[in-house]
Number of protein chains: 2
Amino acid sequence: MSLSTLDVTTPQAIMHSADCPKVSQVLARVGDKWSVLIIMMLSNGTRRFSDLKRDIGGISQRMLTICLRGLERDGLVERTVYPVVPPKVEYALTDLGRSLCVPVKALGTWALTHTAEIEAARAAFDAKTED
Amino acid sequence: MSLSTLDVTTPQAIMHSADCPKVSQVLARVGDKWSVLIIMMLSNGTRRFSDLKRDIGGISQRMLTICLRGLERDGLVERTVYPVVPPKVEYALTDLGRSLCVPVKALGTWALTHTAEIEAARAAFDAKTED
DNA sequence: CCGAATCCCTTGCGATACTG
DNA sequence: CAGTATCGCAAGGGATTCGG
């Protein structure tokens, strides 16, 4: 990976090539549709497995398990098991997870703000290419 | 998709369930490893196809083409073809693309800031699970 | 109720070869 | 130089079943 030109025009110019792999990992997490949804759900407070599955709607329990494990592994989500029958497991954001919400929501805000432009660009592009 | 509980505690509470699919599309773009790298490269100025391929390093020309097309379709990148031989094509960020850099870099900054915590969390998690 | 394990199909993506 | 086309593997992810 030669990304020597990557920083530059950045305000504080803090992006260096050596950090790119690590940054990419975080971006991959954010790019994961389900992970972001889970984080947003948990930003509203602690939730149980079934609650998440039901409220997200459309996710398989398999993917929910996998995503939660990944988020837990990265220290973004905390998993608490209550040794009762039937089992009860609660998921909550950690401080790290909450801090991630800030830039993620900034991105969400950008998306909402520029949705119209993007869709217009797509329509124009598609119109040009289908002739 | 029932995401009725998704907004809530948000500062300005501007996230609504109806907007989620659109937001997800943007997040998917950002999650795409190559797209973000391309955007960062172009934030340093206009570049040619081969320059991007060489400087990014590790991307196949197939993926580069596909990603650039996607970015162009979304109005983030502008493609300029010079009708000369040999062919010359330049890529540059649009205003929309440049505005996207802001929240993306914010995320990058977050990633850099918290890399150590994430790696520590992973190490701790892996240590606990492999016993 | 929470989650692990298996099956199986679809998709992503790299490698390679070919055009204008 | 800047793509397009085809192939083939490997990962992603849904459905289902079993276990604690």
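These numbers were taken from a predicted model, which means no experiment stands behind them. Just so we're on the same page: letters track the sequence lines, and every chain starts at 1.
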Exercise for the section: Hey, could you give me the CZ/CZ distance between B:Arg73 and B:Arg69, rounded to the nearest 0.5 Å? Expected result: 12.5 Å
Practice task
Could you work out which one of D:dC1, D:dT4, C:dG3 sits closest to the side chain of A:Thr65?
Solution key: C:dG3
Exercise for the section: Answer yes or no: does a side-chain N or O of A:Arg69 lie under 4.0 Å from OP1 or OP2 of C:dA4? Expected result: yes
Handout entry: Between C1' of D:dT4 and CE of B:Met63, the distance in whole Å
Key = 15 Å
Handout entry: Nucleotide nearest A:Pro86 when distance is taken to its side chain, options D:dT16, D:dA2, C:dC1
Key = C:dC1
Practice task
Would you mind reading off the distance between B:Lys33 atom NZ and C:dG12 atom C1', rounded to a whole angstrom?
Solution key: 13 Å
Practice task
Starting at atom NZ of A:Lys53, determine the distance to atom C1' of D:dG14, rounded to an integer number of angstrom.
Solution key: 10 Å
Exercise for the section: Please determine, by modelled atom types, if A:Glu90 and A:Tyr82 share a side-chain donor-acceptor pair under 3.5 angstrom. Expected result: yes
Exercise for the section: Please report, rounded to the nearest Å, how far the P atom of D:dG13 is from the CG atom of A:Leu37. Expected result: 13 Å
Exercise for the section: With the side chain counted from C-beta on, respond yes when B:Arg29 and B:Leu71 share a heavy-atom pair under 4.5 Å apart, and no when they do not. Expected result: yes
Practice task
Would you indicate, yes or no, if D:dG3 has its OP1 or OP2 atom less than 4.0 angstrom from a side-chain nitrogen or oxygen of B:Arg79?
Solution key: yes
Handout entry: Separation of D:dC1 P from B:Glu90 CD (nearest whole Å)
Key = 14 Å
Practice task
Could you tell me which non-hydrogen atom of B:Val30 sits nearest to which non-hydrogen atom of B:Val36, and how far apart they are?
Solution key: O-CG2, 2.8 Å
Fill in the blank from the handout: Among the nucleotides D:dG3, C:dG14, D:dT17, whichever has the atom closest to the side chain of B:Gln61 is D:dG3
Practice task
Rounded to the nearest angstrom, tell me the gap between atom CZ in A:Arg54 and atom P in C:dC1.
Solution key: 9 Å
Problem - First encountered from the 5' end of DNA chain C, between B:Asp32 and A:Arg62 - result: A:Arg62
Handout entry: Atom pair distance, as rounded to whole Å: NZ in B:Lys88 and C1' in D:dG3
Key = 17 Å
Completion exercise
Sorted by position of nearest nucleotide on DNA chain C, 5' first, the leading residue of A:Pro87 and A:Ile66 is A:Pro87
Handout entry: Charged N-O contact under 4.0 Å between A:Asp51 and A:Arg54
Key = yes
Practice task
Could you state the atom-to-atom distance from CZ of B:Arg48 to P of D:dA2 in whole Å?
Solution key: 4 Å
Practice task
Could you check whether A:Tyr91 gets within reach of a base, just the sugar-phosphate, or nothing at all, counting any heavy atom under 4.0 Å?
Solution key: sugar-phosphate
Problem - Under-4.0 Å side-chain N/O to phosphate OP1/OP2 contact, B:Trp34 with C:dG12 - result: no
